[in-house]
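One structure is given below, encoded as structure tokens.
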Amino acid sequence: MALKLYLDRMSQPSRAILTFCKVNGIEFEEVKIELAKLQNYSPEYAEVNPMKQVPAIVHGEFKLFESHAILIYLASAFSGVADHWYPADIQKRAKIHSVLDWHHSNLRRGSATYIFNTNIALALGQPLNLEAAAEGEKILIASLAKIESFWLQDDKPFLLGNSQPSIADLSMACEVMQLEVADTKDRDRILGPRKRILKWVDDTKNATAPYFEEIHSIIYPTKEKLQKLKSMAAKKEPQSIGEPA
Amino acid sequence: MKNLGNQTHPNRKCSWNSSPPQPNSSSKKGEMTLKVYADRMSQPSRAVIIFCKLNGIDFEEVKIDISKRQHLTPEFQEINPMKKVPAIVDGRFKLFESHAIMIYLAYVFPGVADHWYPADVSKRAKIHSVLDWHHSNLRYGAVTYVLSSTLGPALGRPLNPKAAAEAEKILSESLAKIESFWLKGNGRFLLGSLQPSIADLSLVCEIMQLEVVNEKDRDRILGPHTRVLKWIDDTKNATRPHFDEVHSILFKVKEKLKRMKSGGAKDETQFTTKTALPSKM
């Protein structure tokens, strides 16, 4: 049964799904849905995901969206996915559900709000909103602190005191990587002091080598493009939004 | 694709791959009582309590009154360092986040019917999908709207009409999406199901919070969504008498708020934590 992944590699949850499939040798076809070109609003894509967001999958005739649901489904439906990604042990599994749920309203909300309102909005033809960004930053900083003080344990590399990564590590490490799109001085201010987090992202990268690094290589050219858009906006010149649609 | 169908083990739902079910010391009834830390003014707390009662799960309800700041005590922080309700302790196992809790309880307690959290991988995936969508859509809109328009002062936060208006947009869009997408299909419940799942419980408890809001606002927001209103009713009927009993606190709070308003409270900021309400969100 064919598996199609509808992704934009600039979307953090898209990258988590892509890394997961590659690491686990799951065959798939990647269908690029470019948010900057508003391709998620096409009528064809609405058939795949009426919420018009990425990622989404189609497996045979089965459609699914929301990245955590997708990761769990793929871990369950494909044999050969090692247990540590989504353990059969009920208590370990429950803890993964717990951190993935926490993620929505904490790290994701904070990080996505901050990055959108300081950077990504420009790529989608919208203005920056520094007040919203400040609110997002507060939640982001509190979330990073909670990851360091609670979700990560000093003696084990991965979330929840695990020795090997789970889908939660993938989901949340991809979220943290999005901060690399920010201005270097902001990124250093927010992430620089977080040594335990930086180590955890590195451990996740190494555990999923070479895919995590390869998939995240899009971040750096995107950062440059965004810097250009920002300096153009600052000079109040007409903006071009990436490549023409 | 794996499809494990019905459970085969009397005490446990199927695990997903070939490794055998693992022993869990608290899976036997009566061995160590499950504790549920809840405030019935909290929507996810109500969902967990109703789920337990419906499924005959023995538990001790430990009331954590948010309006009295009991979630901020050092004792409760030991239970849940995020200082939120609901949380559970099962033997020595602690867990928070209501969706994670209901999934865990569906796994470990005997007698939980399959429709609450089906063993079928695809059905289960759809439940995860709507529960995830819920966080950033219905819940986000509803919580912000209710706090900003009504309950904020009970928790030491000012009313905020601008935030309420923005939240109402998200709430209304979410209700429209439930009506047009999540309730599509032959069944009376979410995802076209003939019977309720944990997703129905979670989302309906969320919408019930609107009961404390000014009636004309509630009617404006909910009124157009007749399919949603029917679904709420169907969920109440499928979970009686527990649904109404667990929600009785909301109606008490609603009456109290009405009395305060007609008693001449010109300014809703007079509704502060010093006002004696049985329990507040």
Side-chain angles (χ1 to χ4, degrees), chain A residues 1 3 13 46 49-53 56-57 59-83 85-106 108-109 112-113 132 142-143 146 149-151 171, chain B residues 1-4 12-24 26-27 44 80-82 84 87-88 90-108 120-122 124-137 139-140 143 177 180-182 184:
Chain A
M1 229 188 326
L3 174 68
N49 182 2
M51 305 302 177
K52 308 185 208 286
Q53 290 176 322
I57 66 166
H59 188 208
E61 285 181 25
F62 179 67
K63 298 177 191 174
L64 190 65
F65 57 86
E66 285 294 340
S67 66
H68 301 167
I70 293 172
L71 288 166
I72 291 171
Y73 172 79
L74 295 174
S76 306
F78 285 86
S79 56
V81 174
D83 182 73
W85 290 110
Y86 188 59
D89 177 274
I90 282 155
Q91 293 188 354
K92 286 189 180 164
R93 188 175 277 202
K95 295 278 182 167
I96 287 174
H97 292 148
S98 184
V99 71
L100 284 174
D101 282 347
W102 175 89
H103 176 38
H104 283 285
S105 312
N106 291 276
R108 175 140 183 88
R109 176 159 309 154
T113 306
S143 302
K146 261 302 189 280
S149 67
F150 179 73
W151 294 115
S171 175
Chain B
M1 182 154 56
K2 293 179 198 165
N3 184 335
L4 295 173
R12 187 168 308 289
K13 293 262 184 214
C14 297
S15 57
W16 284 108
N17 50 30
S18 56
S19 58
Q22 294 173 30
N24 181 326
S26 52
S27 66
N80 182 1
M82 305 302 176
K84 292 198 178 164
I88 64 165
D90 184 21
R92 288 188 0 216
F93 179 65
K94 298 178 195 171
L95 189 65
F96 56 86
E97 285 294 341
S98 65
H99 301 167
I101 291 171
M102 285 192 286
I103 290 172
Y104 172 79
L105 296 176
Y107 269 125
V108 307
D120 179 271
V121 178
S122 305
R124 189 174 274 205
K126 296 277 181 167
I127 287 175
H128 292 149
S129 183
V130 69
L131 285 175
D132 282 347
W133 173 89
H134 176 39
H135 282 284
S136 313
N137 292 276
R139 177 151 177 81
Y140 185 48
V143 165
K177 266 295 188 291
S180 67
F181 178 73
W182 294 114
K184 261 193 337 206

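Heavy-atom basis, side chains included; hydrogens, waters and symmetry copies ignored. Naming convention: chains lettered A, B, ... in sequence-line order (proteins, then strands); numbering from 1 in each chain.
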| note | What one should report as the nearest heavy-atom pair of B/Ala100 and A/Asp101 is N-OD2, 3.5 Å
| said: I'd like to verify something: which residue of A/Gln53, A/Met51, A/His68, A/Lys63 has the highest number of heavy-atom pairs under 4.5 Å with chain B? | reply: A/Met51
| message | Within 45 degrees of the ring normal and closer than 6.0 Å to the centroid, is that where the cationic atom of B/Arg124 sits relative to A/Tyr73? | response | no
| task | Establish, from distance only, whether the side-chain atoms of A/Arg93 and B/Tyr107 form a donor-acceptor pair under 3.5 Å. | result | yes
| field | Nearest-0.5 Å distance, NZ of residue B/Lys94 to NZ of residue A/Lys95 | value | 8.0 Å
| field | Pairwise distance CD(B/Glu97) to NE2(A/His97) - rounded to 0.5 angstrom | value | 12.0 Å
| note | Rounded to the nearest 0.5 angstrom, the CD1-OG distance for A/Ile72 and B/Ser129 is 10.5 Å
| said: Can you list everything that forms a ring-ring contact (aromatic ring centres under 6.0 Å, His included) with A/Trp102? Sequence neighbours excluded, please. | reply: A/Trp151
| message | Quick check on the interface: out of B/Ser180, B/Pro81, B/Ser98, who has the most heavy-atom pairs with chain A under 4.5 Å? | response | B/Pro81
| query | Roughly how far, to the nearest 0.5 Å, is the CG atom of A/Leu100 from the NE2 atom of B/His99? | reply | 12.5 Å
| query | Going by the angle between their ring planes, with limits at 30° and 60°, are B/Phe181 and A/Phe65 parallel, tilted or perpendicular? | reply | tilted
| request: Could you look at A/Arg108 and say if it's the side chain, the backbone, both or neither that has a heavy atom under 4.5 Å from chain B? | output: neither
| task | Please report the closest heavy-atom contact between B/Ala125 and A/Ala69, naming both atoms and the distance. | result | O-CB, 3.7 Å
| message | Would you compute the distance between atom OG of A/Ser105 and atom OH of B/Tyr140 and round it to the nearest 0.5 angstrom? | response | 9.5 Å
| said: So for B/Lys84, is it side chain, backbone, both, or neither that comes closer than 4.5 Å to the heavy atoms of chain A? | reply: neither
